[in-house]
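Just below is one structure, and these are the notes that go with it.
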There are 2 protein chains.
Amino acid sequence: MTARTQESPETGSSRIYAILRKELLSGHFAAGEKLAINALRERYQVGLSPLREALNRLAAYGLLVQENQRGFRVPALRREELEDITRLRLELEGMALEQAIEQGDADWEAELLAAAHRLKRADASTERGEEWERLHTQFHRTLVAPCGSQWLLRFIEQLHDQFDRYRRLGATLASVREELDEQHQQLVSLALARDTVAARRLIEAHVTISFELALKRFQRSA
Amino acid sequence: MTARTQESPETGSSRIYAILRKELLSGHFAAGEKLAINALRERYQVGLSPLREALNRLAAYGLLVQENQRGFRVPALRREELEDITRLRLELEGMALEQAIEQGDADWEAELLAAAHRLKRADASTERGEEWERLHTQFHRTLVAPCGSQWLLRFIEQLHDQFDRYRRLGATLASVREELDEQHQQLVSLALARDTVAARRLIEAHVTISFELALKRFQRSA
DNA sequence: ATGATTAAAAAAATCGATTATTGTGGCGGA
DNA sequence: TCCGCCACAATAATCGATTTTTTTAATCAT
């Protein structure tokens, strides 16, 4: 466990934020869709204020588009944006991984092994639900965690979220899935071996494969 | 003029957001200060809802810290964060400038010259008010605008805002000020000459000088 | 038909009041 | 004196109702 020191107690607004974020990442809403606030209000059983506060946060974060006097909508998916997000992921995650490998300590190694193990167990099971998603996110987060830059981590996380909207457009073929799973294991090996060059190459390959997959799905859906 | 195509009409919430953002960048609030919502409500003559929505957005953007059930506070200033922000600025703005120089067209050249000219005129006058800040921001924005990555531009803007909280901690000596002004002109020359290598070196020097200045101010204020 | 005009409906934004939570100060007991 | 407990005050969060704006639909003139 990443032993976080006590998040601030949940509030209606933060609860809705977390729920909506998940649903936006999982593709529960259609791209470009306009959000019907009253329907949401009813669905989650909250008042307008906390709901609107959550929507405002999501818009500032980039998971919604806010048009004054016209409410909120789910951002469209565009091929060029997927390419943009991917290019930046390559740069930023490559950068972060190198620094993480240089700076990560023994605790990091332990946490990385743990995160990889949990993910591998989830890989094995045929079902890939929310739990796998959580573990997968957690693995990648752990991988770059000790890079030393809070802002870099923040941006990477934001890009991950954006990328997920494309990645989760459809299911993955078992063969590709295995390759990606395998890469997670190799990333751990290279990280523990402190092989920054090979690790960076691998994370770039990893992101690239995911990109190509997401691109195919996007084109199919368009 | 950058001829933006009609922003969506202003709303109470977006108005307050813009005002508070400016005030947060200019150092109007003390670092670490807790925001008294009722005082703000009175000061800007708005209701709670639009005010809180603006605060939520600012928190998601990183200009405020939100603690559930404890309202909002201005983030503390920390030396390591300034260093973090600066490191990332070096990477991201360097990257963006290279790409902008490769991809910028004739319109960009024209706009860049225009932005530089307006800034130079403002440099000349002894007073450096909000207007100079606006032109300065606009110059740097124009410089990297055609880099081709919306997300990169977004992150750079966000880092600029964060950096400003440190930069505007105090006034600049005339001598250093002149050097920075001079660099703006040189950046234009190098951009027009499509000298990516030298331009990147210069923007890095520019950011570094600003960093050293900001660091001194921070240490004095601490 | 087409396009402009406007009345009605729907939706977004805002307000003022209520509820829930946190912070504060006093009091009593160790 | 110091700590824990409680009541009270202050603040944050939420609610339901109201106001404003946009969207839709219908009417009329060209």
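Quick caveat, the model's predicted, so the values are computed rather than measured.
Out of dA11(C), dT22(C), dA13(C), the shortest distance to the side chain of Arg70(B) is found at dT22(C). Which of dT14(C), dA12(D), dA13(C) sits closest to the side chain of Lys34(B) comes down to dA12(D).
Look at CG on Leu64(A): it is 13 Å from P on dA12(C), rounded to the nearest Å. Atom CD of Gln69(B) is separated from atom P of dT21(C) by 6 Å (rounded to the nearest Å). Distance Glu33(A) CD to dA11(C) P: 13 Å, rounded to the nearest Å. Here the P atom of nucleotide dT14(D) and the CG atom of Leu55(A) are 13 Å apart, to the nearest Å. For the pair Arg57(A) CZ and dA13(D) C1', the interatomic distance rounds to 11 Å; values are reported in whole Å. In this structure, CG of Asn56(B) is placed 12 Å from C1' of dA12(D), rounded to the nearest angstrom. In this structure, Glu10(B) places its CD atom 16 Å from C1' of dA12(C), rounding to the nearest Å. Straight-line distance from the CD atom of Gln66(A) to the C1' atom of dA12(C): 11 Å, rounded to whole Å.
Closest of all the heavy-atom pairs between Leu97(B) and Val144(B) is N-CG1, 4.0 Å.
Rounding to the nearest 0.5 angstrom, the gap separating the NZ atom in Lys120(B) from the CG atom in Leu135(B) is 14.5 Å.
No donor-acceptor pair closer than 3.5 Å links the side chain of Glu93(A) to the backbone N or O of Leu90(A).
One side chain, Ser13(A) or Arg57(A), offers a donor N or O that lies under 3.5 Å from an acceptor on the other.
An OP1 or OP2 oxygen of dT14(C) is reached within less than 4.0 angstrom by a side-chain nitrogen or oxygen of Thr11(B).
Not counting sequence neighbours, the partners of Asp161(A) by the side-chain hydrogen bond (donor to acceptor under 3.5 Å, both in side chains) test are Arg21(A), Tyr61(A).
Listed by residue number, Val46(A), Gly47(A), Leu48(A), Ser49(A), Pro50(A) are the residues of residues 36-53 of chain A with a heavy-atom contact under 4.0 Å to DNA chain D.
Classification of the Trp132(B)-His136(B) ring pair by plane angle, with boundaries at 30° and 60°, yields parallel.
With Phe163(A) as the aromatic partner, Arg89(A) meets the cation-pi criteria of under 6.0 angstrom to the ring centre and within 45 degrees of the ring axis.
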